[in-house]
Amino acid sequence: MSPARASRPAGSADGTSRAVVLFTSDLRLHDHPPLRAALAGAAEVVPLFVRDPAVAAAGFAAPNRLAFLADCLAALDQGLRERGGRLVLREGGTVAQVCAVAREADAADVHVAAGCSAFAQRREERLRRALAADGRRLHVHDAVVTAVPPGRVVPNGSSHFAVFTPYFRRWQQEGLRVPLPAPRAVRVPAAVRSARIEPRSAVGGVSPELAAGGEAVARRLLGSWLRHGVEAYEDRHDDLAGDATSRLSPHLHFGTLSPVEAVRRARAKGGPGAEAFVRQVCWRDFHHQVLAANPAVAAADYRTRQDRWRTGAAAEADTEAWRQGRTGYPVVDAAMRQLRAEGWMHNRGRLLAASFLTKTLYVDWRIGARHFLELLVDGDVANNQLNWQWVAGTGTDSRPNRVLNPLLQARRYDPDGGYVRRWVPELAGVAGAAVHEPWKLSPRERAGCGEYPEPVVELADGLARFRRGRGLE
Ligand code: FAD
């Protein structure tokens with residue numbers, strides 16, 4: 001800390017007011033309260049993104065998310081340039097870099113969106129202290145990453161809602177701001193240097209069919225979803241082959257789309273499909289408020305059931321077959337292969353694949369959650385870990401013994417087998433629902449299925465033999 005800095009009030013030496021906006025999970029220009037506040041209070045603003053090695057070390061930097069992030073940063077830079085500004089990219093520890101940029105820009109104020117994870121909460125606290133020691137102020141803005149901030153809607157005497165339906169009821173009564181327009185102009189101080197913003201092609205190991213990122217893509221997707229998709233959402237959201245969900249999750253994850261705007265525009269559209277869609281977006285806020293109140297549930301059971309998960313060579317071999325999409329249960333394998341090919345999986349696929357690992361194979365949910373986080377472009381601690389816990393029965397599900405039988409799920413949600421044929425090429429020649437039970441095919445038909453494996457386990461009621469009689473309902 002320089003004595004000169006500490007002894008004079010924050011503000012630039014040349015009299016120009018300046019502020020820094022730290023972008024994190026909010027990579028957009030529309031409906032961005034921190035940017036709006038910074039522009040209202042300062043003549044020049046540094047839009048900053050920090051590539052922090054601690055994020056990579058914590059396992060958050062999977063190739064699919066890095067590639068999508070590259071798109072988002074390039075688009076953000078482009079959007080800022082169209083407004084006379086640019087994005088400043090720095091590499092290093094977030095706290096040190098923000099302080100360095102604030103010093104270089106002689107900025108009195110730093111604005112950031114409130115985060116929900118333990119990682120984000122710790123970072124915010126360290127940043128507040130470091131900036132204060134330097135005579136600067138940190139402003140933390142709510143309702144940027146979620147529609148309703150964690151902690152806003154709580155039951156009496158508790159830090160968070162543990163059950164979704166009462167949370168949803170209260171969440172719906174919360175007023176949401178009118179979405180803010182994107183700024184017309186952003187003036188960035190010339191002296192602040194930036195690292196090069198690498199294109200997506202610089203990232204290796206990316207899923208071949210990964211979607212494109214960036215705010216313009218997100219806005220087009222939301223527009224066309226509200227015009228053409230959402231109406232049928234209530235009826236078709238579970239149709240695996242129909243692929244009739246919004247696919248907005250990576251955009252909500254990276255914040256190229258504001259959840260407030262998505263909810264407001266869906267409500268304005270109205271109808272049962274839009275209502276069902278808003279309810280799903282509420283699940284996202286629900287998990288964020290559970291995580292914000294209990295950061296430990298990223299790794300620890302929310303409600304432990306004293307599971308003695310299978311371990312050892314057989315469990316490891318089953319898990320590897322699951323990861324590779326080679327369990328011999330076609331609908332599970334289709335879902336796991338979609339994940340690998342697209343870095344995204346249909347929600348019904350996530351449910352049945354996670355149930356297969358935790359309930360059928362009785363493998364620890366943390367192992368499955370880790371694999372999903374390695375591949376999911378929308379993978380985040382709140383939604384991934386807490387959905388895994390919901391499925392595994394250690395989370396907020398009020399029916400923790402629920403088991404999703406892969407065959408019943410396949411017949412119900414992929415009745416013609418189109419989803420399986422799309423993702424499991426060995427079975428592409430098997431017509432209709434027969435594709436779900438390749439072990440019933442005639443030897444001649446079976447010979448046409450190439451190397452497709454036999455089932456890793458035999459099932460009764462969705463459970464493998466070793467799993468039965470272990471306290472399930
Ligand atoms: P839509 O059906 O169009 O729903 C709209 C939005 O609502 C989604 O974009 C998403 O933001 C939110 N949403 C929908 N369902 C859920 C849900 N169950 N929980 C929380 N938010 C929801 N979602 C993630 O965003 N990141 C994850 O890491 C993640 N991991 C999951 C792991 C498992 C085991 C399961 C069962 C679900 C997981 N989900 C996760 C939730 C859900 O599967 C995805 O959000 C959804 O499939 C994304 O597709 P979509 O955008 O087309 O969703």
Side-chain angles (χ1 to χ4, degrees), residues 27 60-75 198-225 228-229 233 236-254 256-257 321-327 329-354 356 368-380 383-384 387 410 413-414 416-429 435 450-452:
L27 304 177
F60 298 143
N64 286 337
R65 289 195 296 284
L66 288 178
F68 199 90
L69 172 66
D71 283 352
C72 297
L73 295 180
E198 297 286 349
R200 166 194 184 123
S201 56
V203 183
V206 174
S207 288
E209 296 174 47
L210 183 73
E215 184 172 16
V217 179
R219 299 190 70 74
R220 272 199 303 276
L221 194 56
L222 177 67
S224 72
W225 169 247
H228 309 299
Y233 181 74
R236 300 192 56 212
H237 67 273
D238 266 330
D239 173 0
L240 280 163
D243 198 4
T245 65
S246 71
R247 287 188 175 247
L248 286 168
S249 54
H251 296 287
L252 288 164
H253 172 68
F254 284 93
T256 44
L257 185 65
W322 175 83
R323 285 193 194 101
Q324 298 301 330
R326 293 187 61 77
T327 66
Y329 287 93
V331 75
V332 175
D333 294 342
M336 296 305 292
R337 294 183 193 194
Q338 179 180 28
L339 174 63
R340 207 170 274 281
E342 292 194 359
W344 184 90
M345 196 198 283
H346 192 285
N347 179 58
R348 180 52 53 183
R350 298 188 202 206
L351 286 166
L352 61 88
F356 190 81
R370 195 176 315 132
H371 178 69
F372 269 35
L373 278 185
E374 276 166 24
L375 289 167
L376 278 178
V377 62
D378 61 24
D380 62 52
N383 290 314
N384 191 58
N387 270 298
Y413 301 116
D414 188 28
D416 295 327
Y419 181 69
V420 167
R421 278 187 294 279
R422 186 177 312 152
W423 292 112
V424 185
E426 303 96 298
L427 303 178
V435 78
E451 302 280 291
Y452 188 72

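Every value quoted in this text rests on a predicted model; they were computed, and no experiment measured them. FYI, the numbering just counts along the sequence from 1.
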Side chain to side chain contact (heavy atoms under 4.5 Å, CB included) filter on L351, not counting sequence neighbours, yields N347, R348, W390, V391, L404
R219: partners by salt bridge (Lys or Arg N to Asp or Glu O under 4.0 Å), with sequence neighbours left out
E261
Under the ring-ring contact (aromatic ring centres under 6.0 Å, His included) rule, collect the residues that match up with Y452, sequence neighbours excluded.
none
Identify, with sequence neighbours excluded, every residue that meets ring-ring contact (aromatic ring centres under 6.0 Å, His included) alongside W344.
none
Identify the two heavy atoms, one from G214 and one from A75, that lie closest to each other, and give their separation to 0.1 Å.
CA-CB, 3.7 Å
Got H253 and F68 here, is their nearest side-chain heavy-atom distance under 4.5 Å?
no
List the residues meeting ring-ring contact (aromatic ring centres under 6.0 Å, His included) with F356, not counting sequence neighbours, and say none if there are none.
Y329
Is the backbone of H251 close enough, under 3.5 Å, to the side chain of T256 for a donor and an acceptor to pair up by distance?
yes
Residues V206 and P63: closest non-hydrogen pair is CG2-O, 3.9 Å
Decide side chain to side chain contact (heavy atoms under 4.5 Å, CB included) for R340 and M345; before the verdict, give the C-alpha distance in whole Å, the side-chain angles of both, and the deciding distance to 0.1 Å.
CA-CA 9 Å; R340 207 170 274 281; M345 196 198 283; over 6 Å; no
Tell me, please, which residues at least two apart from D378 pass salt bridge (Lys or Arg N to Asp or Glu O under 4.0 Å).
R350
Report the C-alpha separation of L339 and H371 in whole Å, then their side-chain angles, then the decisive distance to 0.1 Å, and conclude whether the side chain to side chain contact (heavy atoms under 4.5 Å, CB included) test is met.
CA-CA 10 Å; L339 174 63; H371 178 69; 4.1 Å; yes
According to side chain to side chain contact (heavy atoms under 4.5 Å, CB included), who are the partners of H237, at least two apart in sequence or on a separate chain?
Y233, T245
Using only atom types and a distance under 3.5 Å, with no angle test, would you say the side chain of N64 pairs donor to acceptor with the backbone of L376?
no
Whether R337 side chain and V424 backbone form a donor-acceptor pair below 3.5 Å
no
E342 and R247 ion-paired at < 4.0 Å
yes
For H346 against D243, the heavy-atom pair lying closest together:
CD2-CA, 4.4 Å
Among residues at least two apart in sequence or on other chains, which ones pass side chain to side chain contact (heavy atoms under 4.5 Å, CB included) with A61?
A56, L66
For L240 and G349, work out which heavy atoms get closest and say how close.
CD2-N, 3.7 Å
Restricting to salt bridge (Lys or Arg N to Asp or Glu O under 4.0 Å), what partner residues turn up for E209, sequence neighbours left out?
none
Between R422 and A334 (side chain of the first, backbone of the second, donor and acceptor by atom type, cut-off under 3.5 Å), is there such a pair?
no
Partner set under salt bridge (Lys or Arg N to Asp or Glu O under 4.0 Å) for R236, not counting sequence neighbours
D239
Results of side chain to side chain contact (heavy atoms under 4.5 Å, CB included) for N387 - residues two or more places apart only
H287, N383
Test log, rule side chain to side chain contact (heavy atoms under 4.5 Å, CB included), inputs L248 and L222
CA-CA 7 Å; L248 286 168; L222 177 67; 3.8 Å; yes
Partners passing side chain to side chain donor-acceptor pair (under 3.5 Å) against D71 (at least two apart in sequence or in another chain)
R200
